[in-house]
Amino acid sequence: MHYLHISRNIDRCLEKLRMTGSQGALAASQYLQIIKCIRQGKWHSDIITCKRTKNGEYRLKNCVKYDLGNGYRLVTVKDGNNLFITFAGSHDQTDRWIDTHRYDDFCEDDKLYITELIESAETLSADELSEDLPSDSVLEPDEFEEQLVDKIDDAMLKMVFSGLFKNG
């Protein structure tokens, strides 16, 4: 059995995201899609695996961060059969939250979290399994990442991947 522990403050985090405008509202929508997959036990869903940040979080043991788009992040912590949904916010807010909570113990009976059983994908009906999760608007390109990609030219790629690049 697996258990999901959602912070009692997560609704406040989502409300703050929505108040920042359309990009924050899109991040809140991404959060809802990720949580829906987790609740249904769809661990290998693209929405789960593709939204993990590229760099692991070393400051918090067993932490996995998710990219909610446009610089927003979701912080989760896995402890045995327990998954804690701890925080959602901007990149800077997330860094501050992790620094503040880096020594926290995540216990399954913590009153700061609401606990629920995670469904196994095998117990879901065929209709539930075939349900379309992401909408087109949820999977829009991330403007921040596009800006970074625009700054990369062939010379920089050759410098970074010099071992793979053969001079002509």
Side-chain angles (χ1 to χ4, degrees), residues 1-121 133-135 137-152:
M1 287 200 185
H2 294 282
Y3 295 94
L4 180 63
H5 306 272
I6 300 176
S7 171
R8 293 185 185 275
N9 292 329
I10 205 75
D11 287 336
R12 191 174 336 145
C13 293
L14 294 176
E15 190 57 37
K16 286 180 182 178
L17 289 179
R18 290 183 188 107
M19 290 173 41
T20 62
S22 63
Q23 301 302 330
L26 185 60
S29 177
Q30 285 283 342
Y31 164 84
L32 294 173
Q33 294 295 326
I34 291 170
I35 294 304
K36 184 176 182 179
C37 284
I38 290 171
R39 283 183 169 137
Q40 294 177 348
K42 296 180 182 179
W43 300 109
H44 300 291
S45 167
D46 287 344
I47 198 84
I48 297 285
T49 56
C50 293
K51 287 296 180 180
R52 290 185 180 141
T53 57
K54 292 161 184 66
N55 296 320
E57 183 52 58
Y58 63 90
R59 294 173 287 177
L60 199 57
K61 185 179 178 187
N62 299 323
C63 176
V64 176
K65 288 192 303 188
Y66 290 88
D67 182 357
L68 300 177
N70 300 300
Y72 294 100
R73 302 287 185 262
L74 168 65
V75 180
T76 66
V77 176
K78 178 100 168 85
D79 183 35
N81 290 335
N82 299 292
L83 179 65
F84 294 87
I85 307 298
T86 61
F87 182 80
S90 70
H91 189 272
D92 291 341
Q93 291 168 333
T94 300
D95 273 351
R96 284 191 299 274
W97 188 92
I98 289 172
D99 283 338
T100 303
H101 295 87
R102 67 187 326 162
Y103 300 111
D104 286 4
D105 289 325
F106 296 92
C107 305
E108 56 189 70
D109 60 350
D110 192 332
K111 300 298 182 203
L112 297 175
Y113 293 88
I114 299 167
T115 302
E116 56 188 77
L117 181 65
I118 297 175
E119 295 181 34
S120 172
L133 285 175
S135 68
S137 64
V138 173
L139 297 177
E140 289 179 2
D142 186 349
E143 290 178 30
F144 178 71
E145 289 182 12
E146 286 179 359
Q147 291 172 1
L148 290 177
V149 170
D150 289 343
K151 292 180 181 180
I152 298 174

To the closest 0.5 Å, what do you measure between [atom1] ([X]) and [atom2] ([Y])?
X	Y	atom1	atom2	result
Leu60	Tyr103	CG	OH	10.5 Å
Lys36	Arg39	NZ	CZ	11.0 Å
Asn62	Phe106	CG	CZ	10.0 Å
His5	Thr115	NE2	OG1	4.5 Å
Ile35	Leu32	CD1	CG	8.0 Å

Which pair of heavy atoms, one from [X] and one from [Y], lies closest together, and at what distance?
X	Y	answer
Asp110	Asp105	OD2-O, 4.4 Å
Thr20	Leu17	OG1-O, 2.6 Å
Gly89	Thr94	O-OG1, 3.5 Å
Asp67	Gly69	OD1-N, 2.7 Å
Lys51	Ile34	CB-CD1, 4.1 Å

- prompt: With respect to Tyr3, which candidate in Asn82, Ile118, Leu83 satisfies the side-chain contact (heavy atoms from CB on, under 4.5 Å) definition?
  reply: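 Of the listed residues Asn82, Ile118, Leu83, the side-chain contact (heavy atoms from CB on, under 4.5 Å) partner of Tyr3 is Asn82.
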- Does CD belonging to Glu116 count more than 12 external heavy atoms closer than 6.0 Å?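 Yes, the 6.0 Å shell around CD holds more than 12 heavy atoms from other groups.
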_Tell me if the NZ atom of Lys61 is crowded by more than 12 foreign heavy atoms within 6.0 Å._
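Atom NZ in Lys61 is not crowded, with 12 or fewer foreign heavy atoms closer than 6.0 Å.
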Q) Aromatic rings Trp97 and Phe87: how do their planes relate, parallel, tilted or perpendicular, breaks at 30° and 60°? A)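 Ring orientation of Trp97 relative to Phe87: parallel.
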For this session: Quick one: sort the Phe84 and Tyr113 rings into parallel, tilted or perpendicular, breaks at 30° and 60°.
Result: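 Because their plane-to-plane angle is over 60°, the rings of Phe84 and Tyr113 count as perpendicular.
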Open item on the list: Regarding Arg59 and Asp95, does a basic nitrogen lie under 4.0 Å from an acidic carboxylate oxygen?
Closed with: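 Here Arg59 pairs with Asp95 in a salt bridge, since their nearest N and O are under 4.0 Å apart.
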